[in-house]
Number of protein chains: 2
Amino acid sequence: MRRCPPGARKGAAVADRRTATIKDVAAAAGVGIATVSRVFSGTGSVSAGTRERVLAAARDLDYRPSALGRGLKLRRSGGIGVVVPDVTDPFCAELLAGVLACARTLGEHVIVDAAHGDPGREAEIVDRLVEQRVDGLIALPAGGTAAWRAAARIGASVVFADRVPPGLEDVPAVLADDRAGVRTLTEYLVGLGHRRIAFLGATAPGAPGAPAEVRESAFRDTLRALGVTVEEDLIVAARPERDSAYAAAAGLLQRRGDLTAVLAAGHLPGEAAVMVARELDLRVPADISIAMVDDVPWAELCDPPLTAIARPAHDIGYRACEMLLRDRTRRTRGGPVLLPAELMIRGSCGPLRTARPSRRTTRAG
Amino acid sequence: MRRCPPGARKGAAVADRRTATIKDVAAAAGVGIATVSRVFSGTGSVSAGTRERVLAAARDLDYRPSALGRGLKLRRSGGIGVVVPDVTDPFCAELLAGVLACARTLGEHVIVDAAHGDPGREAEIVDRLVEQRVDGLIALPAGGTAAWRAAARIGASVVFADRVPPGLEDVPAVLADDRAGVRTLTEYLVGLGHRRIAFLGATAPGAPGAPAEVRESAFRDTLRALGVTVEEDLIVAARPERDSAYAAAAGLLQRRGDLTAVLAAGHLPGEAAVMVARELDLRVPADISIAMVDDVPWAELCDPPLTAIARPAHDIGYRACEMLLRDRTRRTRGGPVLLPAELMIRGSCGPLRTARPSRRTTRAG
DNA sequence: TTGAAAGCGCTAACAT
DNA sequence: ATGTTAGCGCTTTCAA
């Protein structure tokens, strides 16, 4: 797709040079390369006339300054890296959108990759990002810790979002206030009269420090504070996958036909709870109340709409980026930044109905 | 976060050099820099012994080759750019995931940004990407055309995904076979007995070439082919935003209480149709059948689950990336790659019920 | 097999 | 205000 008029003679001074460089522009404008650099980097001062000539020459040659050259000189790429478990997860996607919004205002580009919960892959990604000489890293870390220790050792600055791996509490982070969110939600459920409340966790086994763990302990603590007995049997965990969440939900609801409410610790378990309840012909909220952490778009589409805790994914991403790029000087003082989560009360939770009609324990046909 | 033992004397030969370079490694290993380069780039040949020494030295110094240096020399960054309207859109996110999957296998990183339907912003993004010297561009283009003409002129190779701007049909592209998908869905609806079928479009005004336009014409053509009268009044369009889609759906359903089915041209209008139907107390599918293009996760969560056309977003992304990086030689021969879309029949569409009970035309309280 | 040297495109002193 | 020059970290002939 080269500009090459039909009549162009080949071998002529067609200047088929790959891409115009600063040198070409300088020559064309009859100035030194430093001047061209000044014009494009905004540094120093150039007379209006010269600037015009340079700009004209550049336009003429379709010149685009090379970030590679500049980056090499400046020893930074002008981009940041974002590592998430999965870009198709609504929370991650929203978080990423927040980062993009902030990065844009700061003129940085964003390199993304998904680790899919694999610490090895995560480490690999971080390595590549370091090779790219990103100005910083924003991560929604998987289980591992190695990648981040390595990154820190190399001198890369990282900010954690949504969760921080155990032992890395000194690394800057911006999180949702899950503890408060779950507390509020639990109080709401208990206030509605519920006592046998199930907790459908999303904790990946061996992933301490994850938000899910915080949520579970918040759930337990709140129950205790409210004087409600914590039944271990009602607290189950699933891996962050549809199948696992579904299996956990099905097992739970079938095993404990007496529970009256389910608090899903994420949108995946929430989805599972809704599906399973429907398959068991459980009416929501008449037979069972359902609420979840993470207010994804479909929560409002559900019938009835699902009560959920809205965690500010976009803000988390934005703040993390800001913290990474603007406040790079100051370290984490006073621990991680905690952003408030909001309880969105919709129709999926109702008051406890005493004397509930007997329920079948077999699955609906 | 520098390694600096408590007892380290300052000013000593602590070698606080920013980051180890190839030169440092060469010195430490007692070899020339070319050798180190060979070891890390896999080029040329190095004796096993030397290789070991180099690797050891590198490990010792936490050396990471600089993609900046390499990129400058190679005149390419080893990354590709992805431009989508919105990373939080499920379709875009899935597409992006596909690109990431492919890019990973090819050892490329991915820079992503969202244009939010703004051609100006899109052009800006493309410009930055070109400055980064990306090896190529994958775009789910907004309305504009300028950005891509410019990119082509500069010599950047781009592959369109999901839609191709008018006049740029010669640019490689990989699309979902929307025409076939909508045809199938329309036939399905007509086969169910429906005649007054509404089409809730997602076409942004002035965005010809967009999939939405293809869908609309496919809808019309199929209806005609089936001998069903095309009622212009039943074909409405909305901008790709929740509000707009909702407004369009509400207007449509209230204005035409006699329609029996809605074909939403995207997940946003689909969502809107579901919400509006619920607010109007319309039972699905008894009172109204609803189907949509794009099989997002919530389609199965709906009650009843929504019949939809599953477009292979992940594959589209993967193929686009493959086409960009592997088949860069061959141009678009035979037009864009068309990937099949699949009709997922669920419970939201039912046979036309003659003698439907009268319906209110006012909104539910 | 290995090293020396010449840039890749740019910025930042330093000199005019 | 503008030109000269010396690299930034790497790959790649070209010799040895």
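Because the structure is a prediction, the values reported are computed rather than measured. Order of the sequence lines fixes the chain letters, A, B, ..., with proteins taken first and strands second; residue numbering starts at 1 for each chain.
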Q.
Has A:Arg163 got a side-chain atom pairing as donor or acceptor with A:Pro141's backbone, closer than 3.5 angstrom?
A. yes
Q: Enumerate the residues from residues 125-136 of chain A whose closest heavy atom to DNA chain C is under 4.0 Å, giving them by residue number; use none for an empty result.
A: none
Q | Donor-acceptor contact below 3.5 Å, side chain A:Asp24 vs main chain A:Thr21 | A | yes
Q: Output the distance between atom CD1 (A:Ile80) and atom CD (A:Gln132), rounded to the nearest 0.5 Å.
A: 14.0 Å
Q | Which residues share a side chain to side chain donor-acceptor pair (under 3.5 Å) with A:Thr50, sequence neighbours left out | A | A:Ser47
Q. Just how far is it from atom CG of B:Leu106 to atom CZ of B:Arg104, taken to the nearest 0.5 Å?
A. 12.0 Å
Q. Any donor-acceptor pair under 3.5 Å linking the side chain of A:Ser77 with the backbone of A:Arg133?
A. yes
Q | Gap between atoms CZ and P, on A:Arg64 and C:dC10 respectively (whole Å) | A | 12 Å
Q: Would you mind classifying the nucleic acid contact of A:Val36 as base, sugar-phosphate or nothing, using non-hydrogen atoms under 4.0 angstrom?
A: nothing
Q) Roughly how bent is the helix from C:dT1-D:dA16 to C:dT16-D:dA1 end to end, in steps of 10 degrees, with each end axis from five pairs? A) 30°
Q: Sequence neighbours left out, what passes salt bridge (charged side-chain N to carboxylate O under 4.0 Å, His left out) with B:Asp127? Give chain and number order.
A: A:Arg64
Q: Ignoring the backbone of A:Ser66, work out which of C:dC8, C:dC10, D:dT11 is nearest its side chain.
A: C:dC10
Q.
At 4.0 Å (heavy atoms only), tell me whether B:Gly42 reaches a base, stays on the sugar-phosphate, or touches nothing.
A. nothing
Q: Kindly indicate whether the side chain of B:Ser157, heavy atoms from C-beta on, has any atom under 4.5 Å from the side chain of B:Leu137.
A: no
Q: Kindly state each residue pair satisfying ring-ring contact (aromatic ring centres under 6.0 Å, His included) with at least one member in residues 116-135 of chain B, sequence neighbours excluded.
A: none
Q: Report the nucleotide, chosen from C:dT2, D:dC10, C:dG9, that has the shortest atom-to-atom distance to any side-chain atom of B:Ile22.
A: D:dC10
Q: Inspect the surroundings of CZ in B:Arg319 and state if more than 12 heavy atoms from other residues, nucleotides or ligands are less than 6.0 Å away.
A: no
Q: Check the distance between D:dT11's P and B:Lys23's NZ and give it to me in whole angstrom.
A: 14 Å
Q: Would you name the heavy atoms of A:Ile22 and A:Tyr63 that are closest together and state the gap between them?
A: N-CE1, 3.5 Å
Q. Think A:Ser45 has a side-chain N or O under 4.0 angstrom from the OP1 or OP2 of D:dA1?
A. yes
Q: Quickly work out the A:Leu72 CG to D:dT11 P distance and round it to whole Å.
A: 12 Å
All N/O pairs under 3.5 Å across the protein-nucleotides 12-16 of chain C interface:
none

Q) Should A:Arg70 be listed as having a side-chain N or O under 4.0 Å from OP1 or OP2 of C:dT11? A) yes
Q) Across the strands shown, which category fits B:Gly69 at heavy-atom distances under 4.0 angstrom: base, sugar-phosphate, nothing? A) base
Q: Ignoring backbone atoms, establish whether B:Ser47 has a side-chain N or O less than 4.0 Å from OP1 or OP2 of C:dT1.
A: no
Q) Is any side-chain nitrogen or oxygen of B:Thr50 closer than 4.0 Å to OP1 or OP2 of C:dT2? A) yes
Q: Whole angstrom is fine here: how far is it from CZ in A:Arg75 over to C1' in C:dG9?
A: 17 Å
Q) So, A:Arg128 and B:Glu108, do they make that salt bridge, N to O below 4.0 Å? A) no
Q. Looking across every strand, which nucleic acid part, if any, lies under 4.0 Å from B:Leu68 by heavy atom: base, sugar-phosphate, or nothing?
A. nothing
Q.
Taking the minimum atom-to-atom distance to the side chain of B:Thr35, which one of D:dC8, C:dT2, D:dT11 wins?
A. C:dT2
